[in-house]
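Okay, so here's the structure we're looking at.
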Amino acid sequence: MDNIFGHVPRLGIMQIFDNAQRTHSNDRYLKNLFNIFSENNHSKFILEFLQCLAICMVNMEKQLSTERVLDFAAKYCIYHSSQVDEENNVLLLAVFEFIFNNHNRKTPAIRFRTCEFVNRLLNKMGPQATLDDDIFQKMATTMLERLQDRLPSVRAQAVMALQRLQDPPNKNCRIIRAFMFHMETDPSCEVRTRVVQNIAVTQKTLLLIFGRLQDVKETVRKEAYKSLTRLKPRKLSIAQRQTILTVGLGDRADSVKNVIIDHVIPTWFKVCESNLVEFLKILDVVSFKKETVTAVLGHVFRDLPSSELLSVVERLQEKSEGHKLIPISDLSPETVTIWSSVVKHIGIDSCDDSILPELSYFAKYIKEYGDNTDLKDTDNQYILGQLLEISKCYSLMDEMGRKQLIQTCLDLLKADGTGTEVIPPLVKLLELLIPVVKQRMIIMAELISDIREPLEADDSQVEALVENSVEGISEGMQLLNCASQSQSLDDCMRSERTDPDILVKCLVIVMEMLKSPSITKVDDTLLSLKEHFILLCFKVDDARVQRLALDALALLCYWNLDLAKEYFLKFCIQITDDTTCISAVEAVFDLILIHGFEAFSFGWDYNDASAVNNTDHSDSFRKGGPLNFDNDKTISSPVTRRLVSLITNLLSSNVNEVKCKASQGLCKLLLSSRLDSYIVLSHLIILWFSSASDSEPYIRQPLGLFFSSFSKRAGAAEIILSAFSPTLRAIEELIDEDIDSMKVANLFIALLRSDICNKASKPKEGKGSYHARLAEIILDEIKMDIIQQQVLMKILSSLEFDDSDALLAKDLEFQAQKIYKWLQKRTNERRNANIIKKFIEEMVQLRKKLKTDETLKANHSVIIEEPETVQEENKKLINDSCIQSEKEVQEDDNISPTASISCGAIPETSNKIDTQDSIINDSDTSREVTKRKNMTNGDSMKIVEETSDSSQESDDIVPPSPPKRRMLRSRKK
């Protein structure tokens with residue numbers, strides 16, 4: 001490049017470049033430049049052209065004039081190639097050679113501009129452009145080298161330059177492999193964004209692009225969604241389509257949601273030729289979340305007028321001959337979803353006369369559909385659920401229609417062919433139709449009785465009556481119809497049905513009935529239902545029946561304390577049963593959350609602690625160790641301590657789901673202040689860092705959220721502080737687990753930061769910040785010599801102190817000086833001694849700052865408050881006090897306070913520390929102590945985000961061409 005700048009321009013190319021930077025319409029200069037090339041020596045033209053190009057490449061700033069000149073240069077290279085023969089295209093070859101020779105210069109601007117100019121050149125070429133194989137390979141190698149540049153901006157430009165050099169059919173394409181690497185691991189979000197924008201979407205790269213939907217930067221996530229829309233939706237699997245919409249609409253960033261709303265949904269709708277039925281088919285509404293389907297259709301309907309939506313439904317109802325109903329034979333999940341969504345979107349008042357019949361007629365329509373279809377089929381269940389959603393839109397002022405709809409719901413619940421998935425919407429609709437709780441409970445109890453013990457007539461009595469007389473015909477008909485009448489007849493008999501499917505159906509009805517927010521107490525009807533049905537289900541040898549019976553009993557106990565006390569031990573016993581352990585664990589934690597530990601303090605005498613203390617624990621290291629609940633003074637009752645110990649032992653269960661439920665339950669107890677045990681917190685921290693939870697996202701994610709929320713709870717800082725030593729000591733005693741103590745300690749440092757804890761748990765006056773109190777604990781642990789010294793020293797150097805810690809600085813300094821003397825006597829503790837020395841220096845600076853502030857404050861207050869007549873006298877007193885303060889500071893620097901510290905690892909020393917033995921001299925104390933950086937590991941507070949459907953294979957994908965152009969093809973010589 002040096003010989004280029006040494007050339008003196010004489011051909012007028014510089015003037016043309018100068019004119020081109022002043023205007024956008026610089027096409028007229030292309031012909032002028034080519035004329036100069038034709039009229040002069042080609043070598044001189046190329047040299048002067050490259051000189052003008054090099055001048056632009058030394059400037060990295062984005063300036064309009066520079067961008068115009070570079071764009072003009074790239075445009076001329078392509079224009080020049082079109083005017084000369086391919087063999088005589090010496091200019092383009094010279095430009096490429098210039099780039100190959102200068103792309104690795106030390107100047108960042110040159111490296112950046114070479115990549116950018118390659119991108120401009122390739123973009124100017126046509127979709128069918130080809131390159132010589134040697135140039136193709138050299139360019140790929142050059143840009144791949146720049147893809148490893150230390151500057152993110154250069155790497156991003158290299159990605160853009162390599163975009164047209166990809167070879168998607170080649171499974172071993174080195175450019176795609178490099179793109180995949182940087183898309184996953186590059187620390188710069190700019191580079192990741194460029195890769196996602198430019199990488200070819202193939203079956204190999206598709207899963208990695210899906211992984212970027214969980215990127216920490218919203219710009220990367222936005223481009224990932226846009227990149228996925230380059231594929232037709234049918235090239236994606238159903239699960240992948242649903243993931244795109246569900247995750248995108250649930251993203252925390254509005255800009256990402258807007259990409260889904262404004263780009264993805266309209267693109268897919270347009271691909272389906274604006275056909276709502278086809279659009280819903282590619283989403284598979286039956287397996288899709290109803291909330292997401294409603295949101296997606298809401299965004300589609302937003303751009304469509306109401307008249308068009310009504311016409312869509314009317315076309316679906318054309319065969320109903322004016323009944324405003326879709327024929328049962330034409331009902332499908334897609335058509336009924338459109339019908340229901342349009343009614344909800346427009347409103348019942350706007351569509352009542354056009355696409356909906358009267359309520360009574362619609363109730364008969366639902367009854368007819370239920371009688372003529374198999375309600376155990378998934379599609380039919382979905383259709384019935386949508387029809388019930390439409391019925392909720394009606395006005396219930398029509399008494400006849402309301403009664404007809406109630407009877408329809410009861411008949412559908414009573415029908416043997418009704419599956420359990422249909423029960424929740426039916427029960428919720430009855431809750432709306434029968435608002436009186438007592439009346440609804442009686443009707444539902446009678447319904448359950450009719451399902452379990454249906455009325456049946458005695459056939460022998462009917463036949464005898466018919467044979468004896470003609471008059472007996474009417475009585476026989478009455479007996480035959482007695483099962484369908486509300487009144488009971490003496491001659492009708494009830495036969496109990498013990499089929500597990502029937503019992504499951506009845507229990508589901510009971511549970512949905514008890515989940516109603518209008519139920520706030522357990523009345524006589526529910527008590528009777530418990531005695532005569534729920535408790536009897538525990539005797540049935542069927543796992544489904546027993547689980548649902550346990551859930552139903554727990555729902556009753558939530559609303560009645562006496563029932564909770566009566567059956568709490570039953571729930572605890574059921575934990576040992578593999579068939580009901582999950583339901584029992586959930587019930588135990590929910591009951592404690594609702595009623596508290598005090599409600600279940602029974603079974604042992606409060607004063608008899610021996611029964612509790614002598615109980616074996618499931619984990620050997622907890623017995624008599626740092627995590628022994630006998631040491632936890634926050635739990636006063638021995639019975640409560642025993643109960644907490646039992647539920648905490650569930651964390652070591654061999655059943656992962658039990659462990660998951662137990663961890664979540666303990667988190668809820670700590671967050672709700674039902675439990676303030678630091679030992680429980682220690683168990684949760686150890687579980688989070690345990691290798692056993694690495695592959696359990698339902699344990700790691702809730703725990704990560706819990707730690708970030710718990711630190712903001714009132715009083716949580718004291719619990720966290722108390723858990724520090726027991727947790728690290730317990731980790732030292734673990735044999736089967738290899739947990740990094742430093743990561744655990746960094747979590748404590750992060751949880752006890754002042755900006756987090758002080759908002760909810762203000763430190764006690766005179767005790768300093770929580771980091772200062774943590775420093776006290778660390779110094780004590782160093783003297784105990786139980787926890788690894790290296791870990792404690794690193795933690796000590798990572799703490800952050802503020803002005804409120806000056807009151808504790810003197811005590812901390814004295815303890816640190818004793819530890820420093822002890823470390824100096826040991827041969828291999830020089831590094832730790834230096835850490836302690838720096839800590840002492842920081843404490844000295846805190847003390848001096850406190851005394852300086854107090855002196856200045858005293859001087860200021862005295863001058864303001866004293867009258868003018870005595871100011872001269874007070875000046876002398878103030879000067880004396882300042883001199884005395886300085887003497888005290890000097891004495892404090894040399895003499896430490898008297899204290900006696902007994903510890904096993906450090907030998908006792910004299911109370912008085914001589915001046916010649918002092919650790920810090922005047923030069924040390926006068927030195928400015930630099931503020932320590934917080935070395936908290938970000939991984940300690942990081943919430944693991946798992947991506948679902950990561951292992952699912954997609955459909956066969958034909959890699960599409962980039963928008964508006966095709967890939968460059970290498971041309972063999």
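Between I686 and A730, the closest heavy-atom pair is CD1-CB, 3.9 Å. When all heavy atoms of Y770 and L721 are compared, the closest pair comes out as O-CD1, 3.9 Å. The two atoms that bring I575 and L650 nearest to each other are CG2-CD2, 3.9 Å, heavy atoms only. Nearest approach of L799 to A775, heavy atoms of both residues: CD1-CB, 3.7 Å. Shown here for S188 and D186, the closest heavy-atom pair between the two residues is N-OD1, 2.9 Å. Taking each heavy atom of A662 and I647 in turn, the nearest pair found is CB-O, 4.4 Å.
Residues I731 and F689 fail the side-chain proximity criterion, which asks for heavy atoms closer than 4.5 Å. Inter-residue side-chain proximity for V154 and P108 is flagged as unmet; no heavy-atom pair is nearer than 4.5 Å. M793 is listed as a side-chain neighbour of I836, based on a closest heavy-atom distance under 4.5 Å. In this structure the side chain of S797 never reaches within 4.5 angstrom of the side chain of K838, judged on heavy atoms. Using a 4.5 Å heavy-atom threshold, the side chains of I835 and K794 count as separate. Proximity of S637 to E598: side-chain heavy atoms (C-beta onward) are nowhere separated by under 4.5 Å. Put simply, the side chain of L684 reaches to within 4.5 Å of the side chain of L651, judged on heavy atoms. Q815 places none of its side-chain heavy atoms less than 4.5 Å from the side chain of M843.
The salt bridge (Lys or Arg N to Asp or Glu O under 4.0 Å) contacts involving residues 655-669 comprise E586-K661, where partners must be two or more places apart or lie in separate chains.
For the pair H771 (side chain) and E800 (backbone), a donor-acceptor distance under 3.5 Å is present. Looking only at distances, a side-chain donor or acceptor of R641 sits under 3.5 Å from a matching main-chain atom of F629. The closest donor-acceptor contact from the side chain of R212 to the backbone of R192 lies at 3.5 Å or more, if one exists at all. Side-chain atoms of S672 come within 3.5 Å of backbone atoms of L669 as a donor-acceptor pair (strictly under, hydrogens ignored). Between the R221 side chain and the D215 main chain, a donor and an acceptor come within less than 3.5 Å of each other. Judged by distance alone, with hydrogens and angles left aside, the side-chain atoms of S693 form a donor-acceptor pair with the main-chain N or O of L687 at under 3.5 Å. Between the side chain of S682 and the backbone N or O of Y678, at least one donor-acceptor pair lies under 3.5 Å.
Between F600 atom CZ and L643 atom CG the span is 8.5 Å, to the nearest 0.5 Å. Here the CE atom belonging to M742 is positioned 5.0 Å from the OG atom belonging to S798, to the nearest 0.5 angstrom. The CD1 atom of I592 sits 9.0 Å away from atom CG of L675, with the distance rounded to the nearest 0.5 Å. Atom OG of S690 and atom CD1 of I685 lie 13.5 Å apart (nearest 0.5 Å). Atom CD1 of I819 is separated from atom CG of N832 by 10.5 Å, given to the nearest 0.5 angstrom. Summarising the geometry, atom CD belonging to Q790 is positioned 10.5 Å from atom CD1 belonging to I795; distances are rounded to the nearest 0.5 Å.
Applying the side chain to side chain contact (heavy atoms under 4.5 Å, CB included) criterion to S691, with sequence neighbours excluded, gives D694, E737. Annotation: side chain to side chain contact (heavy atoms under 4.5 Å, CB included) contacts of E781 (sequence neighbours excluded): S725, R729, I777, M784, I787, L792. Looking at residues two or more places apart in sequence or on another chain, you find no ring pair (Phe, Tyr, Trp, His ring centres under 6.0 Å) involving F597. E190 is linked by a salt bridge (charged side-chain N to carboxylate O under 4.0 Å, His left out) to nothing, counting only residues two or more places apart in sequence or in another chain. Among residues two or more places apart in sequence or in another chain, the ring pair (Phe, Tyr, Trp, His ring centres under 6.0 Å) test is passed with F589 by none.
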**OP:** Assess whether side-chain contact (heavy atoms from CB on, under 4.5 Å) is satisfied between Y698 and N656, documenting all intermediate values.
**Re:** CA-CA 9 Å; Y698 290 102; N656 287 332; over 6 Å; no
Subject >> Worked check of side-chain contact (heavy atoms from CB on, under 4.5 Å) between H182 and Q148 >> reply: CA-CA 9 Å; H182 284 274; Q148 305 299 324; 3.3 Å; yes
**OP:** Would you check, one step at a time, whether the test side-chain contact (heavy atoms from CB on, under 4.5 Å) holds for E696 with C660?
**Re:** CA-CA 8 Å; E696 296 295 333; C660 173; over 6 Å; no
**OP:** Let me see the working for L666 and F706 under side-chain contact (heavy atoms from CB on, under 4.5 Å), right down to the final yes or no.
**Re:** CA-CA 10 Å; L666 290 171; F706 162 73; over 6 Å; no
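Test N746, I720, L681 against L751 for side chain to side chain contact (heavy atoms under 4.5 Å, CB included) and you get one pass: I720. With respect to L627, the side chain to side chain contact (heavy atoms under 4.5 Å, CB included) criterion is satisfied by exactly one of T648, V680, I679: I679.
There is a side-chain donor-acceptor pair under 3.5 Å between Q817 and E813.
Taking the six-membered ring wherever Trp is involved, the centroid distance between the rings of W688 and F707 falls below 6.0 Å.
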